[in-house]
Amino acid sequence: MNGARVVTRIPPSPTGRLHIGTARTALFNYLFARHHGGRIVFRSEDTDRTRSTPEFEQEIVNGLRWLGLSWDSFSRQSENSARYTALLAQLVEEGKAYVSREPAKDDPMREVEVVRLKNAGRSIMFRDEIRGDITFDTTELGDFVIARSRTDAVYHFAVVVDDLDSGVTHVIRGEDHISNTPRQILIQEALGAPRPIYAHLPLILDERRAKMSKRSGYAVAIMDYRDEGFLPEGLVNYLVLLGWSPGGEREDFSLEELIKVFSIEGVQKSAAIWNREKLLSVNQRWMRKLSDKDFLQQLEPPRFKASWPSRQLELAVPLLKERARTFTEAKELLEGELRCVAVAPELKTATLTAKEPSDRLGITAEMLRAVEAALAGLTENASPDEVKALIMPLADAQEAKSKGSRGAMLWPLRYALSGQERSPDPFTLISILGTQESVRRIQTALDCFKS
RNA sequence: GGCCCUAUCGUCUAAUGGUUAGGACAGCGCCCUCUCACGGCGUAAAUCGGGGUUCGACUCCCCGUAGGGUCACCA
């Protein structure tokens with residue numbers, strides 16, 4: 001970048017929760033600056049005193065940090081008003097702006113003093129790094145307001161002053177700011193400030209192609225995704241792919257890797273539509289990269305400790321990695337489909353003999369006894385493969401003998417162990433439950449035939 | 001409506017004048033298999049329309065059309 005040091009900014013307004021779009025814009029600013037060894041300034045744009053709150057500011061900071069982002073300086077516009085006031089006065093003195101007495105916008109009976117910038121109405125052209133040259137006719141802007149009073153700067157003015165003071169070189173922001181740019185350039189020129197390089201990011205739309213908002217039906221607050229059990233790595237990875245492409249076919253990137261490969265060249269021009277399914281899929285890939293230990297930690301173990309023997313919870317992790325796309329889904333699995341690992345099931349005889357409805361020749365019980373006998377020779381902590389090596393031959397023998405299928409044996413076995421029509425396979429189940437518990441459950445199933 | 005931006009499979013995107021237009025998610029089919037899930041293989045699916053420029057357009061230009069953004073003393 002011409003050898004000059006890059007300075008980008010993350011300027012959220014603390015008037016709401018941390019929005020997906022805000023996070024993505026922050027991410028792009030972060031990646032661009034870090035890629036170029038530059039600085040990032042975080043600026044809380046809290047000039048709207050009535051809507052801004054410390055709580056929102058805190059959530060935004062926490063959320064961005066949770067995603068893994070960082071910055072090199074922090075400031076609040078509310079603490080910089082003396083600077084705006086001074087520059088406002090300077091512009092008025094230089095004749096570039098003037099104080100105007102006029103009826104208040106919200107109450108026409110009251111008269112107020114606002115500061116307006118003198119605007120010659122020239123045509124303004126600026127270069128956008130993503131879209132190329134953009135031209136605006138500024139006459140329709142008129143002498144626009146830059147301060148609500150001599151001391152109360154409006155957003156556009158504060159932004160230009162802060163960008164100037166912190167030496168911002170690159171303004172990377174949402175496409176919705178394109179039309180704000182000419183007015184900010186006009187202020188820059190009045191102030192004699194250098195013009196930063198602009199890059200306007202495409203917007204994120206919902207499936208109705210409208211700007212993402214709460215009414216889109218999707219969560220738009222980053223923290224809601226965290227609470228739902230998404231990984232920051234997954235969110236970052238999905239967010240960066242929405243509107244940016246590395247060029248090749250690789251899709252999974254960590255934050256560190258993104259810093260290396262990120263380039264403004266890869267940023268898309270057109271808006272992207274939010275796709276939760278894809279997010280889920282990307283997130284699952286990151287969940288699978290976790291070690292079993294880390295995975296377990298994300299599950300808030302305290303909640304499961306009581307009903308889940310820790311050994312079995314640990315052994316269930318691979319099953320969770322296979323099925324869950326978020327940690328909320330993982331918990332649902334533990335309470336539903338995988339609950340049988342921790343709690344012995346209640347069995348229905350009809351389901352037990354589902355593959356042999358009339359229990360032809362009374363073989364179901366016979367087969368279960370055969371498995372029970374075989375299990376006696378197995379060590380307590382056998383692996384799924386060992387269990388399979390032991391039992392599969394029995395199932396095959398049964399298949400040949402009764403001209404049924406292996407299911408004739410495997411179905412009742414799996415059901416005896418799980419009590420569910422859908423569950424992990426019986427070998428894995430026996431491996432996790434242990435030989436003793438497995439035998440107990442088989443005996444319980446056998447009892448069904450006594451009555 | 002004015003102004004501005006945008007336009008490749010349903011979605012995210014690759015291909016920056018020459019490719020059988022590639023990948024991922026979702027879909028569908030097959031395989032694996034007692035079920036579920038995973039996995040493997042395969043399949044369907046796109047260059048918005050019309051004009052140019054060019055030997056040759058997804059790619060460059062113009063016009064339409066469509067979508068989006070923005071028109072505050074909110075940021």
Side-chain angles (χ1 to χ4, degrees), chain A residues 11-16 22 45-48 50-52 77 100 102-106 112-116 128 130-132 134-141 144-149 152-156 158-159 173-183 200 202-205 207-211 238 241-252 265-266 268-282 284-285 288 318-324 333 337-338 354-355 395 399 404-415 418 420-426 428:
Chain A
S13 176
T15 53
T22 307
E45 306 213 316
D46 57 351
T47 52
D48 183 340
T50 58
R51 292 199 300 142
S52 300
Q77 291 189 326
S100 166
E102 45 195 80
K105 208 54 187 288
D106 53 351
V112 293
E113 282 187 345
V114 299
V115 182
R116 287 181 178 276
D128 184 289
I130 295 167
R131 291 149 212 282
I134 298 175
T135 308
F136 276 93
D137 177 358
T138 65
T139 50
E140 65 187 53
L141 257 33
F144 58 91
V145 171
I146 55 175
R148 288 177 272 267
S149 74
D152 193 7
V154 138
Y155 165 73
H156 297 290
V159 163
R173 67 213 322 189
E175 184 185 356
D176 48 344
H177 282 287
I178 288 182
S179 51
N180 287 334
T181 307
R183 147 185 354 226
H200 288 94
L203 262 20
I204 300 176
L205 272 25
E207 61 197 359
R208 296 193 329 282
R209 298 185 174 277
K211 222 169 156 179
Y238 176 66
L241 254 19
L242 255 199
W244 174 82
S245 163
E249 283 172 1
R250 181 178 165 192
E251 279 199 335
D252 58 319
E265 314 291 323
Q268 210 66 17
K269 291 189 177 90
S270 54
I273 296 175
W274 184 260
N275 185 330
R276 189 180 153 89
E277 284 301 315
K278 176 84 177 190
L279 198 215
L280 249 9
S281 153
V282 171
Q284 181 173 36
R285 289 212 281 269
R288 287 176 177 175
L319 303 183
L320 293 173
K321 282 183 174 173
E322 201 169 279
R323 287 147 219 257
L333 249 9
E337 197 176 324
L338 298 180
K355 293 279 174 181
E399 176 182 9
S405 67
R406 297 204 284 224
M409 165 180 235
L410 296 175
W411 173 274
L413 173 60
R414 192 183 56 73
Y415 179 72
S418 69
Q420 287 161 182
E421 303 199 14
R422 316 166 73 180
S423 80
D425 65 80
T428 303

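A, B, ... follow the sequence lines: proteins, then strands. Residue 1 opens every chain.
The CG atom of A/Leu333 lies 8.5 Å from the CG atom of A/Leu319; values are rounded to the nearest 0.5 Å. Here the straight-line distance linking atom CD of A/Glu175 with atom CD1 of A/Ile204 works out to 12.0 Å at 0.5 Å rounding.
When both pairing distances are held under 3.5 Å, B/rG1 makes a Watson-Crick or G-U pair with B/rC71. Across all strands shown, B/rC60 forms a Watson-Crick or G-U wobble pair with B/rG52, both key distances being under 3.5 Å. In a base pair of the Watson-Crick type (N1 to N3 plus N6-O4 or O6-N4) or a G-U wobble (N1-O2 and O6-N3), with each distance short of 3.5 Å, B/rA37 is matched with no nucleotide. The partner of B/rU6, taking Watson-Crick or G-U wobble pairs whose two distances both stay under 3.5 Å, is B/rA66. The partner of B/rC28 is B/rG42, judged by Watson-Crick or G-U wobble contacts that both fall below 3.5 Å. For B/rU20, there is no paired nucleotide, since no Watson-Crick or G-U wobble pair has both relevant distances below 3.5 Å.
Across all strands, A/Val112 comes closer than 4.0 Å to base atoms (heavy-atom distances). Contacts of A/Ser149 with the nucleic acid, taken as non-hydrogen atoms under 4.0 Å apart, are absent. A/Asp46 comes within 4.0 angstrom of no nucleic acid atom, judged by non-hydrogen atoms across all strands. Note on A/Thr47: only backbone sugar-phosphate atoms sit closer than 4.0 angstrom, heavy atoms only; bases stay farther off. In this structure, A/His200 reaches neither bases nor backbone, as no heavy-atom distance under 4.0 Å exists between it and the strands shown. Within 4.0 Å (heavy atoms only), A/Arg250 reaches no atom of the nucleic acid at all. Residue A/Ala104 is classed as a base contact, given a heavy-atom separation below 4.0 Å to a base.
Distance alone, capped at 3.5 Å, is enough to place a donor-acceptor pair between the A/Gln284 side chain and the A/Ala324 backbone. The backbone N or O of A/Glu45 sits less than 3.5 Å from a side-chain atom of A/Ser13, completing a donor-acceptor pair. The backbone N or O of A/Pro202 lies less than 3.5 Å from no partner atom in the side chain of A/Gln268, so there is not a single donor-acceptor pair.
Between A/Pro426 and A/Met409, every side-chain heavy-atom pair lies at or beyond the 4.5 Å cut-off. When side chains are defined from C-beta on, A/Val154 does not count as touching A/Ile146, because their heavy atoms never get closer than 4.5 Å.
A straight line from CZ of A/Arg183 to P of B/rC71 spans 8 Å, rounded to a whole angstrom. Taking atom CG of A/Leu279 as the reference point, atom P of B/rA24 lies 19 Å away to the nearest angstrom. One atom, CG of A/Asp128, and another, C1' of B/rC4, lie 11 Å apart when rounded to the nearest Å. What separates CG of A/Leu203 from P of B/rU70 is a distance of 7 Å, to the nearest Å. One interatomic measurement links the two molecules: NZ of A/Lys211 to P of B/rG69, which rounds to 7 Å at whole-angstrom precision. A straight line from OH of A/Tyr155 to C1' of B/rA75 spans 6 Å, rounded to a whole angstrom. If you take CZ of A/Arg323 and P of B/rG39, they are 12 Å apart, rounded to a whole angstrom. One atom, CD of A/Glu322, and another, P of B/rU35, lie 15 Å apart when rounded to the nearest Å.
Between A/Ile134 and A/Leu319, the residue anchored nearer the 5' end of RNA chain B, judged by the nucleotide with its closest heavy atom, is A/Ile134.
The listed nucleotides are B/rC73, B/rC5, B/rC3; the one nearest the side chain of A/Glu140 is B/rC3. Nearest to the side chain of A/Arg288, among B/rG68, B/rC34, B/rG39, sits B/rG39. Among the nucleotides B/rC3, B/rU35, B/rU70, the one closest to any side-chain atom of A/Asp176 is B/rU70. Considering only the side chain of A/Ser13, B/rA75 comes nearest among B/rA37, B/rU35, B/rA75. Checked against B/rA37, B/rC3, B/rA24, the side chain of A/Arg285 finds its nearest nucleotide in B/rA24.
A gap of 14 Å separates the P atoms of B/rC48 and B/rC12, to the nearest Å. With C1' as the reference atom, B/rC63 and B/rG10 are 29 Å apart, rounded to whole Å. Nucleotides B/rA15 and B/rA7 place their P atoms 14 Å apart, quoted to the nearest Å.
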After noting the C-alpha distance and the side-chain angles of A/His156 and A/Val145, does the key distance pass the side chain to side chain contact (heavy atoms under 4.5 Å, CB included) rule? CA-CA 9 Å; A/His156 297 290; A/Val145 171; over 6 Å; no
Test A/Glu251 against A/Tyr238 for side chain to side chain contact (heavy atoms under 4.5 Å, CB included), laying out the working first. CA-CA 9 Å; A/Glu251 279 199 335; A/Tyr238 176 66; over 6 Å; no
Which protein N or O atoms sit under 3.5 Å from an N or O of nucleotides 6-15 of chain B?
| unit_1 | atom_1 | unit_2 | atom_2 | d |
| --- | --- | --- | --- | --- |
| B/rU11 | OP1 | A/Arg209 | NH2 | 2.8 |
| B/rC12 | OP1 | A/Ile273 | N | 3.0 |
| B/rC12 | O2' | A/Leu241 | O | 2.9 |
| B/rU13 | OP1 | A/Gly243 | N | 2.6 |
| B/rA14 | OP2 | A/Gln268 | OE1 | 3.4 |
| B/rA14 | OP2 | A/Gln268 | NE2 | 3.2 |
| B/rA14 | O3' | A/Gly247 | O | 3.3 |
| B/rA14 | O2' | A/Gly247 | O | 3.2 |

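Residue A/Ser423 places none of its side-chain N or O atoms closer than 4.0 Å to OP1 or OP2 of B/rC36.
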